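This is a predicted model, so every value here is computed, not measured.
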2 protein chains.
Amino acid sequence: MLRAARKRKFCAMLKPIDRINIVLVGTTHPGNIGAVARAMKNMGLARLHLVQPRIFPSSEATARAAGADDVLGAATVYDSLDEAVADCVLVIGASARPRAIGCPMLAPREAAAQVAAEGRGQVAIVFGREHSGLSNEELDRCHYQLHIPSDPQFSSLNVAAAAQIVCYELRLACIDASAGTNGDASIDADAGEVIGQQEMERYYAHLETVLTELGFLDPANPRHLMRRLRRLYHRARPDRNEINILRGILTAVQEYGLTLRRRYDQGSAPQVD
Amino acid sequence: MLRAARKRKFCAMLKPIDRINIVLVGTTHPGNIGAVARAMKNMGLARLHLVQPRIFPSSEATARAAGADDVLGAATVYDSLDEAVADCVLVIGASARPRAIGCPMLAPREAAAQVAAEGRGQVAIVFGREHSGLSNEELDRCHYQLHIPSDPQFSSLNVAAAAQIVCYELRLACIDASAGTNGDASIDADAGEVIGQQEMERYYAHLETVLTELGFLDPANPRHLMRRLRRLYHRARPDRNEINILRGILTAVQEYGLTLRRRYDQGSAPQVD
């Protein structure tokens, strides 16, 4: 009792993601166990529990774990689901099949939010057998049933694929919960220095000059050409590096013309490539 | 041309989820191809494209597809990524590695929102090789890089697991989009005719030729110039009208040079404005 209390206290200090247990019940193919270990480690989860796996350990599991050997090596094997979730304060069972007398259904995102909001204690997400899923008796152990939205015509996901989706949502929810978004989303690694509208105007002026020199733009009949080009480059929002390249190309066009004319003036033969 | 226009018109009538193409580049293990087919069908996607798969078809792919035989059977095999995405107006490449000169990064949810918002045209999500992912040249074909948030210490997901997450987010986004807004949301009323990747490639080839003629691009020392320009124009996503203008400018530069040289050959004085 005292030991359990200490364990709970320790557990309360853990981040939500470290309090998540993935439980696989009656897995037939050892490759799937390895694939789940990999999916977990990819998402920063580490606690794997196996209830009556058909074959474990196995070289096939290790191969599919592809480096998540630590998760696989630390996996605990149990005789029953009851033992595997004994310490858990929240148990969520994944199942595509609605039951006549079921527990409340959650989508993966809702389940992840529920887990992240769970202030203390161990939580478990339980996945069933490849061919028959979780039994009614096993789902009865769960507070919620997790249902992954899928095509009703072909709704049975591979167990590791299902675990991947759930671990992904858990990571997002737990990272959101603990640290905003931890900067994970939509970082533009190479966003260059932004430039002001004044510099864009200099570019447009240069562009207009060159297009006129080329005879492509007729100042007497400009036909919205510059407006269309402005719209295009406004969408792209060039950074300093890019605007330098674009200006460089315009200058190259002007020098190209000047060079050809100068050669003529000097009476030297034009160099034809 | 007429055929392409008809195809585009037909395509505009399809629901967003039916306009999504999953492209696997250089997949080594046939089991992964099967697992991706299953992940797709679970989420209601059907269009699978394979660029230089090592082994296909294969009994291992069929076994892992677990009933998604129709998706596998309809999969098209290509020699190059360019061919596989030729018709696509939006191409998103999945990669864990940020690149020095990269395209804008999207999280899976953002990428799915982008796809759902794409009012018309085919879109492609591209997944790379098991061991090396997508090359820089392949990512250069993409408008966006998709990055699945994962533990930085163990960030490489199995390709089918990655596809499962992305297909899941695509299903949620497309179902949300069609349920919430009757499926015709976010079409920019003023947007011109969209163009496929093949036409963008023609533009880049033309641009490269002209920059080389100008001496601005040194083929012996190209210094990422084309990659930077691709990135800029990928962001802008020109419509047909705009790409015609851009091509017209390139042709005008070429004719400008030709005219100046021809005048010299004919011995007439160059006309200086």
Paired with A:Q164, the side chain to side chain contact (heavy atoms under 4.5 Å, CB included) test is passed by just one of B:N158, B:L157, B:I148, namely B:L157
d(B:R227 CZ, B:D140 CG) to nearest 0.5 Å is 4.5 Å
Bottom line for B:Y233: the part with an atom under 4.5 Å from chain A's heavy atoms is side chain
Counting heavy-atom pairs under 4.5 Å with chain B, the top scorer among A:P152, A:P108, A:A39 is A:P108
The interface call for B:E255 against chain A, heavy-atom contacts under 4.5 Å, is neither
Under 4.5 Å to a heavy atom of chain B? For A:A65 that would be backbone
Check this for me: does any side-chain nitrogen of one of A:D70 and A:K41 sit under 4.0 Å from a carboxylate oxygen of the other? yes
* Tell me yes or no: between the side chains of B:E110 and B:H147, is some donor less than 3.5 Å from an acceptor? => no
Turns out that what part of A:Q153 lies under 4.5 Å from chain B's heavy atoms comes down to neither
In the structure I gave you, are the side-chain heavy atoms of A:R109 and A:I165 within less than 4.5 Å of one another anywhere? no
Looking only at B:Y144, B:Y256, B:Y168, most heavy-atom pairs under 4.5 Å shared with chain A are made by B:Y168
Cut-off 4.5 Å, heavy atoms of chain B, and the answer for A:L246 is side chain
Bottom line for B:L229: the part with an atom under 4.5 Å from chain A's heavy atoms is side chain
So, the part of A:S156 with a heavy atom under 4.5 Å from chain B: the answer is both
If one checks every heavy atom of A:A68 against chain B at 4.5 Å, the contacting part turns out to be both
Under a 4.5 Å cut-off applied to non-hydrogen side-chain atoms, are A:E213 and A:V253 in contact?
no
The interface call for A:L232 against chain B, heavy-atom contacts under 4.5 Å, is both
Task: Non-hydrogen side-chain atoms of B:V36 and B:I33 separated by less than 4.5 Å - done: no
Okay, A:R64 and chain B: the region with an atom under 4.5 Å from a heavy atom over there is side chain
Does this structure show an ion pair linking A:R235 with B:E242, if we count only N-O contacts that are shorter than 4.0 Å? yes
Checked A:V210, A:N42, A:L217 vs chain B; the most non-hydrogen pairs under 4.5 Å come from A:N42
* Please confirm whether B:R230 makes a cation-pi placement over B:Y204, using NZ or CZ under 6.0 Å from the six-membered ring centre and within 45° of the ring normal. => yes
